[in-house]
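Everything on this sheet refers to the single structure shown next.
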Amino acid sequence: MTEKEALFSYCLRLGDDALIHSYRLSEWCRNAPMLEEDLALTNFALDLTGRARALLTYAGEIEGKGRTEDDLAYRREERHYFNNLICELPKGDFATTIVRLLFTATQEHLFYSELTHSQDGTLAAIAAKTVKEAQYHMVHASDWVRRLGLGTEESHERLERAIDELCPYTGEMFETDKVVAVLQDKNIAVDNAAIRSNWKTYIEDILREVGVMVPGSQHMQTGGRKGIHTEYMGHILTEMQYLQRTYPDATW
Amino acid sequence: MATDSQLEIWEVFMQSKSGANYIHAGSVHASDKRMALQNARDTYTRRGEGTSIWVVPATAIVASDPNDSEMLFDPANDKIYRMPTFYTMPEGAKAI
Amino acid sequence: MELLKHSEEENEESLKHFEEKIERGDSIEPRDTMPEAYRKHLIRQMSQHAHSEVIGMQPEGNWITRAPSLRARQILLAKIQDEGGHGLYLYSATETLGISRDEMIAQLHAGKAKYSNIFNYPALTWADIGAIGWLVDGAAIVNQVSLQRTSYGPYSRAMVRICKEESFHQRQGYEIMTKMIRGTSEQQQMAQDAMNRWWWPSLMMFGPHDSESPHTGDAFRWRIKRHSNDELRQKFIDKTVQQAEVIGLTIPDEDLKWNEEKGHYDHGPIDWDEFYRVITGNGPCNRQRIAHHKKVHDDGAWVRIAAAAYRERIKKQNDNQ
């Protein structure tokens, strides 16, 4: 695998995480528990869409075949999307969304902080912008975890259930493979495994604070980075690609 | 036992740039201070309008009675000696 | 907000102050004494305005996950989010009149408060997103610009902010229409079809003709309303015809023609039967819109209750320290 091929894959992965998670967040727009929270979740969807645009545009440039952000976002087959599975799981209830945001934003905050030191200038610049956004998402999600965890019996139960459902999908965020190794050699990529313990500490601390059992070691789902998705992914693409697929000659 | 509501009203004051006065921007609903601050951020700084935010529970604000406005504010109207233009300066004096 | 009272003036005296203020063109503030009918009129109009912003998120929201490009997704999200924000500003402004957001939502669900009729029409194609931005927001802006000078201070201030923020909404809609009319023949058909379906409902947004409008009298005297329905409608038509011509869209009105003498466009008759049919609950989406709003409200109850319970818990902890 050449450095160029690895970098293309790396950008697609990060871009797809943002692309698909922002799709799920955008489903909250007009559907949130409070008008104020509707605006907040939409802000996060906007942050992530912006990040997806930057990363997919850069991926297209690296590939050098003239593919634009939209060619990449809308014209790939399911097997060629490489987001982590946690991003594509259904929107679920508010607790699910908050827990997913807590898990991913905490990882992103650590990950993108490291990525600001990347030898790749474009990635470092994208990381510098992203790290602030991720930090705010993390703070917002953490506060809601406290409210739900220490709120009512029902909210506590819903929080617990969401954690239980999403935990098996957190392992993927720390996986490493050849793509990462090739780029790590060049000081371009982040050591995914190295940020895991900080992530774990933060998550365990906050869950303990609200009296939720921290799930022990368990089997982790995997597949996203290889393009093997959950059954939900096809439905996302069906909807997302609807216009691009129905009117392939149109520009929008 | 908590019941369902749209939570409490908080008034939002924004500083548009460093050094400027805090100006009332509007209100948000929230149940605690952290939520109030975040809701104010997500509602009132969508276009980069702010550098700093204050939030105050609406119940903590005390307002003057409009019926008292003559008593409260009219007496200041004739204190023209508080204005710099009230004074005659000699020709030629500088930097005063 | 607590009002610090020092004197008790006669009610009649205060009402005289109100009339004088209106006469001078001063703005009325929440603590000013005001006639009950003025307050009621404002609550009705402002809460309807707030509900319209929030219900208006639904037809456009129908296309978020199908937006055809990432840029389009961003723009649409930002626009719908603005509408939520504007609903929020307007609810807040209405709350200064002594009604809570909870009460307003309850009135909406009970059918006692209305929202703009236009949102009872469906958004069927991507061109509808263009038509909504260009025509519906275009019509709304004409009305809102006029309301910036309305007599009630909080309403006027909300309108100033809203007008400033909405300036991009109409442009993005027009940009979508332009792109589609310059696109494939399928896109062109979609654009014209959207124009045909949204034109007349957009004209109806300004309400009945002046001769038929029951609330106009008081609203004018109190300077809540600054321009009549027909004046505003005419303004909208005059500016929109030219915009349609520039991009080659046909306005679905055979009687539309420039009247040199008046300096305005004449237009064909508006189908008021349709207007009253939709306003009384029989539009294509009336039931769907309210059902959706109720469902979201009900689904969110446990979250709001949890937030309130958490606050109680924190408060207790602090009290015990």
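Throughout, a chain's letter reflects where its sequence line sits, starting with A, and its residues are numbered from 1.
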Practice prompt. Please report the closest heavy-atom contact between C:L77 and A:L46, naming both atoms and the distance.
Written response: CB-CD2, 3.7 Å
Worksheet item: Distance-only, no hydrogens or angles: does the A:Y74 side chain make a donor-acceptor pair with backbone N or O of C:S69 under 3.5 Å?
Response: yes
Practice prompt. Considering only heavy atoms, give the residues of residues 92-101 of chain C separated from chain A by less than 4.5 Å, sorted numerically, with 'none' for an empty result.
Written response: C:R101
Worksheet, complete the sentence: CG (A:L25) and CD1 (C:I64) are apart, to the nearest 0.5 Å, by 11.5 Å
Worksheet item: Is any side-chain heavy atom of C:H292 less than 4.5 Å from a side-chain heavy atom of A:N31?
Response: yes
Fill in: pair A:Y242-C:W126: side-chain heavy atoms closer than 4.5 Å
no
Worksheet item: Side-chain contact, heavy-atom cut-off 4.5 Å: C:L88 with A:E36?
Response: yes
Worksheet item: For the residue pair A:L39 and C:G85, what are the closest heavy atoms and their distance?
Response: CD2-N, 3.6 Å
Worksheet item: Of the backbone (N, CA, C, O) and the side chain (C-beta and beyond), which part of A:S22 lies under 4.5 Å from a heavy atom of chain C, both, or neither?
Response: both
Item to complete: For the pair A:D38 (side chain) and C:Q81 (backbone), establish whether a donor and an acceptor sit closer than 3.5 Å, ignoring hydrogens and angles.
Response: no
Discussion item. Is there a side-chain contact between C:I80 and A:T42 in this structure, where contact means two heavy atoms from C-beta onward sitting under 4.5 Å apart?
Written reply: no
Worksheet item: Which residues in residues 84-95 of chain A have a heavy atom less than 4.5 Å from any heavy atom of chain C?
Response: A:D93, A:F94, A:A95
Discussion item. Less than 4.5 Å apart, side chain to side chain, heavy atoms only: is that true for C:Q187 and A:Y247?
Written reply: no
Worksheet item: Who are the salt bridge (charged side-chain N to carboxylate O under 4.0 Å, His left out) partners of A:D120, not counting sequence neighbours?
Response: none
Worksheet entry | Heavy-atom check, side chain of C:E60 versus side chain of A:R30, under 4.5 Å | no
Worksheet item: With no hydrogens and no angle check, is any side-chain donor or acceptor of A:E239 less than 3.5 Å from a backbone partner on C:R66?
Response: no
Item to complete: Check whether A:A73 gets within reach of chain C through its side chain, its backbone, both or neither, counting any heavy atom under 4.5 Å.
Response: side chain
Discussion item. With rounding to the nearest 0.5 angstrom, report the CG to CG distance, A:L19 to C:L70.
Written reply: 6.0 Å
Discussion item. I need the contact set between residues 135-152 of chain A and chain C: heavy-atom distance under 4.5 Å, sorted by residue number.
Written reply: A:W144, A:R146, A:R147, A:L148, A:L150, A:G151, A:T152
